[in-house]
Amino acid sequence: MNALDPETQRSELEAIAPELLERKEAKVSELPPLPGAEEGKVVLRLAPYPSGPLHIGNARAFLLNDEYAKRYRGRLILAFDDTIGSEAKPILPEAYDQIREGLDWAGIDVHDVVYKSDRIPLHYEWAEKLIATGNTYVCECPPERLQALRREKKACEHRLQEADESFAMWRAMLDGQYREGDAVLRLRTDIAHPNPAFRDRVLFRIAEREHPRVGTKYRVWPLLEFSWAVDDHLLGITHVIRGKDLVIEDMMEEAIWDTLRIERRPHFIHFGILRFKDVDLSKSQIRVGIAEGRLTGIDDPRAWTLQSLRRRGIRPPALRSFVLSFGLSLTDVEVPVESLYSENRKLIDKDANRYFFVPEPVTIEIQGLPHVGPLRVPLHPDFPGRGERILPVAEKVHVPREDYEKLRGKEVRLKDFCNVVLDRRAKFLSMENRDIPKIQWVAHGPNGHVVMPGGSESRGIAEPAVASLKVDDIVQFERFGFSRIDRVTKSEVHAYFAHR
RNA sequence: GCUCCCGUAGUCUAGCCCGGUCAAGGAUAGAGGCCUUUCGAGCCUCGGACGCGGGUUCGAAUCCCGCCGGGAGCACCA
């Protein structure tokens with residue numbers, strides 16, 4: 001059969017068992033092709049602003065870009081979008097490395113790294129080309145006046161400037177004759193444009209703040225639209241895949257290219273807004289939370305950074321298939337994180353060995369327990385060949401408080417051990433496996449601390465075998481959930497909870 | 001308010017461009033069953049959707065119009 005070519009195999013199979021074919025075709029749907037994309041010639045970019053580490057909400061942007069770069073064997077440029085920013089969103093020097101660390105973990109192939117803050121002279125050069133076209137002007141209106149006039153579709157007196165006058169004022173901006181806020185360079189688009197956001201947008205402004213990489217070398221900084229109009233062209237970007245909150249930036253880039261008569265332009269592709277149920281995402285909140293001590297660090301599970309996902313034992317491919325499953329849809333989506341967990345569960349279930357962890361232990365004493373030696377239990381019920389762990393037995397054992405309270409007085413089975421009537425003094429019933437509620441238990445073992453997604457810590461006792469686990473091991477604490485081992489000594493184990 | 005975008009089951013998504021093969025596929029969540037010394041995994045079964053109203057057409061989830069609903073943008077942030 002295998003000697004036949006695939007076509008023949010297929011038609012043979014179709015005749016014998018057509019239902020097998022149908023199943024094969026029901027695989028995951030692929031992302032749509034990129035318009036005008038040629039194998040080997042696609043150049044994409046990632047443009048993070050270094051105000052903090054990447055979090056799960058940023059994942060759509062970098063995973064889509066990476067996925068397409070891989071698919072077309074193209075190049076992906078990491079371009080730190082580190083223009084001066086705003087006072088509300090300062091650049092964090094350590095964020096550069098945190099972002100790279102996150103991308104690295106997520107399996108993003110970065111082919112080149114550039115910094116916007118290194119390219120300011122280029123932007124000046126192109127600004128002057130743009131000024132020479134006569135389609136810009138230096139505006140001295142204070143921000144409130146600028147906005148008010150924009151709302152009323154009215155031009156200010158600066159709009160009448162000739163190119164050489166603009167040029168002189170632009171030099172004055174660069175030379176420090178204007179203070180922060182006193183002058184901006186604006187593009188003359190259409191002061192009555194139906195979209196108020198598009199009326200003579202600002203291209204450059206003055207910021208006297210110090211930049212973490214280039215200090216006070218520059219005082220005139222480009223805004224995102226202008227810097228990208230220049231850099232998308234210069235870097236030879238073929239496709240810009242960005243969120244739909246940035247659509248107006250497309251229009252601005254187009255307008256700048258039009259006036260500059262630039263022909264080589266990328267395609268713009270957008271995706272909808274991604275939100276998570278019951279999860280608040282904000283880089284600045286992460287920063288504030290850490291500063292105020294409410295979060296333990298950038299990998300605090302409440303921060304939802306890539307670092308925090310790593311620490312919990314979320315695997316990068318799970319994140320990828322989860323995020324890519326939303327495709328390129330323009331629809332705004334709000335998804336439960338459970339979908340991510342289910343994706344991760346598929347990946348880790350077969351690897352995660354099983355152990356007992358008893359949170360909030362209650363001690364019970366088994367009355368009438370016959371003599372039994374230590375129990376040998378498989379590390380994984382589906383793979384008996386993988387090995388066994390040894391569970392010491394005693395008359396006094398610990399069980400989870402929650403189960404104790406719920407099942408007190410009832411017949412329960414201490415899993416892999418024996419059946420009792422659950423109470424402080426528990427009556428031994430039998431050894432045989434019966435179909436009654438089963439709970440985990442522990443005679444003695446290391447203290448366990450499991451950091452939960454909400455930031456709290458679940459404390460209890462783990463079985464002895466847990467003390468010989470290694471950092472980064474992902475285990476399933478039976479009936480408790482999957483967790484990643486974070487730190488372990490003979491007497492203590494610290495873990496991070498992944499999900500059930 | 002203005003500009004743009006979106007509307008398939010609880011949630012996410014395929015299909016929509018090029019109308020019939022869609023009595024709408026998949027995933028996840030849910031219900032039930034089997035298996036299993038976990039409330040995990042696996043296997044099987046079930047319920048569940050084309051926002052509304054018109055129009056075009058032999059035929060519309062797919063095309064057209066209107067309405068309704070949701071979102072984003074309207075920064076000298078990115």
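Convention: sequence-line order gives letters A, B, ...; per-chain numbering from 1. When reading the values below, keep in mind they use all heavy atoms of this one structure, side chains included, and skip hydrogens, waters and symmetry mates.
Remark: RNA chain B forms stems of 3 or more consecutive Watson-Crick or G-U wobble pairs, all pair distances under 3.5 Å, at B:1-7 with B:68-74, B:10-13 with B:25-28, B:30-34 with B:42-46, B:51-55 with B:63-67.
Between the side chain of A:Q147 and the base of B:A75 there is no donor-acceptor pair of N/O atoms closer than 3.5 Å. A donor N or O paired with an acceptor N or O is not found under 3.5 Å between the base of B:G42 and the side-chain atoms of A:D382. Between the side chain of A:R354 and the base of B:G40, a donor-acceptor pair under 3.5 Å is found.
Atom-to-atom, CG of A:D245 to P of B:A78 comes out at 13 Å; the value is rounded to the nearest Å. Protein atom CD of A:E338 is 9 Å distant from nucleotide atom P of B:G30, rounded to whole Å. For the pair A:K89 NZ and B:C77 C1', the computed distance is 4 Å after rounding to whole Å. One atom, CD of A:E225, and another, C1' of B:C74, lie 12 Å apart when rounded to the nearest Å. Per the geometry, CZ belonging to A:R201 stands 11 Å off C1' belonging to B:A78, to the nearest Å. A:D416 places its CG atom 14 Å from the C1' atom of B:G40, with the value rounded to the nearest Å. Whole-Å rounding puts the A:H270 NE2 to B:G73 P distance at 13 Å. As rounded to whole Å, 13 Å separates atom C1' of B:A41 from atom CG of A:L347.
Here A:L246 lies in heavy-atom contact (under 4.0 Å) with a base. Heavy atoms of A:R186 sit nowhere under 4.0 angstrom from any nucleic acid atom. Contact annotation for A:R199: no contact, since no heavy-atom pair falls under 4.0 Å across all strands. As judged by a 4.0 angstrom heavy-atom cut-off over every strand, A:C141 is placed among the base-contacting residues. Contact annotation for A:K350: no contact, since no heavy-atom pair falls under 4.0 Å across all strands. Within 4.0 Å (heavy atoms only), A:D403 reaches at least one base atom of the nucleic acid. Using a 4.0 Å heavy-atom criterion, one finds that A:F204 contacts no nucleic acid atom at all. A:G327 comes within 4.0 angstrom of nothing in the nucleic acid, heavy atoms only. Residue contacts shown for A:P142 include a base, since a base heavy atom lies under 4.0 Å away. Nucleic acid contact for A:S51: none, since no nucleic acid atom lies under 4.0 Å from a heavy atom of the residue. Counting non-hydrogen atoms under 4.0 angstrom, A:D81 reaches the backbone sugars and phosphates but no base.
Below 30°, between 30° and 60°, or above 60°: for A:F204 and A:W170 the angle between ring planes is above 60°, a perpendicular geometry. The aromatic rings of A:W221 and A:H211 sit parallel to each other, their planes meeting at less than 30°, with 60° as the upper class boundary. Classification of the A:H233-A:W126 ring pair by plane angle, with boundaries at 30° and 60°, yields perpendicular.
Comparing B:A14 with B:G51, their P atoms are spaced 15 Å from each other, to the whole Å. Comparing the C1' positions of B:A31 and B:G10 gives a spacing of 14 Å, expressed to the nearest Å. Remark: the separation of the C1' atoms in B:A29 and B:C6 is 24 Å, to the nearest Å. Rounded to whole Å, the C1' atom of B:A24 lies 24 Å from the corresponding atom of B:C68. For the P atom pair drawn from B:G70 and B:C77, the interatomic distance equals 32 Å after rounding to whole Å. Atom name C1', nucleotides B:G7 and B:A61: the rounded distance is 12 Å, in whole Å. Distance check on atom P: B:U3 versus B:U8 gives 25 Å, rounded to whole Å. Atom P of B:G32 sits at a distance of 15 Å from the matching atom of B:G47, rounded to the whole Å.
Residue A:K346 has a polar side-chain atom (N or O) positioned under 4.0 Å from OP1 or OP2 of B:U28. In terms of phosphate contacts, A:R242 brings no side-chain nitrogen or oxygen within less than 4.0 Å of OP1 or OP2 of B:G73. Not one side-chain nitrogen or oxygen of A:R500 sits closer than 4.0 Å to the OP1 or OP2 atom of B:U38.
Within a 6.0 Å radius of NZ in A:K427, other residues, nucleotides and ligands contribute 12 heavy atoms or fewer.
Using a 4.0 Å cut-off between charged side-chain N and carboxylate O, A:D349 and A:R354 make a salt bridge. One finds no salt bridge joining A:D382 and A:K350 here, because no Lys/Arg side-chain nitrogen approaches an Asp/Glu carboxylate oxygen to under 4.0 Å.
For the side-chain contact (heavy atoms from CB on, under 4.5 Å) criterion with A:W228, the lone passing option out of A:K116, A:E249, A:M252 is A:K116. Checked against A:Y341 for a side chain to side chain donor-acceptor pair (under 3.5 Å), the options A:R312, A:K346, A:H499, A:R500 give a single hit: A:R312.
Between A:L130 and A:N135, every side-chain heavy-atom pair lies at or beyond the 4.5 Å cut-off.
Applying the ring pair (Phe, Tyr, Trp, His ring centres under 6.0 Å) criterion to A:Y404, with sequence neighbours excluded, gives no partner residue. Qualifying side chain to side chain contact (heavy atoms under 4.5 Å, CB included) partners for A:D182, counting only residues two or more places apart in sequence or in other chains: A:Y178, A:R179. For A:F497, the ring pair (Phe, Tyr, Trp, His ring centres under 6.0 Å) criterion is met by A:F480, not counting sequence neighbours.
Remark: A:R60 fails to qualify as a cation-pi partner of A:F326 under the 6.0 Å distance and 45° angle criteria applied to the six-membered ring. A:R201 forms no cation-pi arrangement with A:F226, by the criterion of a distance under 6.0 Å to the ring centre and an angle within 45° of the ring axis.
The residue among A:P143 and A:P381 whose nearest nucleotide of RNA chain B is located toward the 5' end is A:P381. Remark on RNA chain B: of its neighbouring residues A:R275 and A:F482, the 5'-side contact belongs to A:F482, judged by nearest-heavy-atom nucleotide.
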Extract from the structure each pairing of a protein N or O with an N or O of nucleotides 62-64 of chain B at less than 3.5 Å, listing the distance.
none

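In this model, a donor atom of one side chain and an acceptor atom of the other lie less than 3.5 Å apart for A:R413 and A:N419.
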Footprint string (nucleotides 3-12 of chain B, 5' to 3'): B base within contact, S backbone only, - free, heavy atoms under 4.0 Å: S-BS----SS
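Listed nucleotides: B:C77, B:U38, B:A29. Nearest to the side chain of A:L223: B:C77. Considering only side-chain atoms of A:K415, the nucleotide from B:G40, B:A27, B:U37 that sits closest is B:U37.
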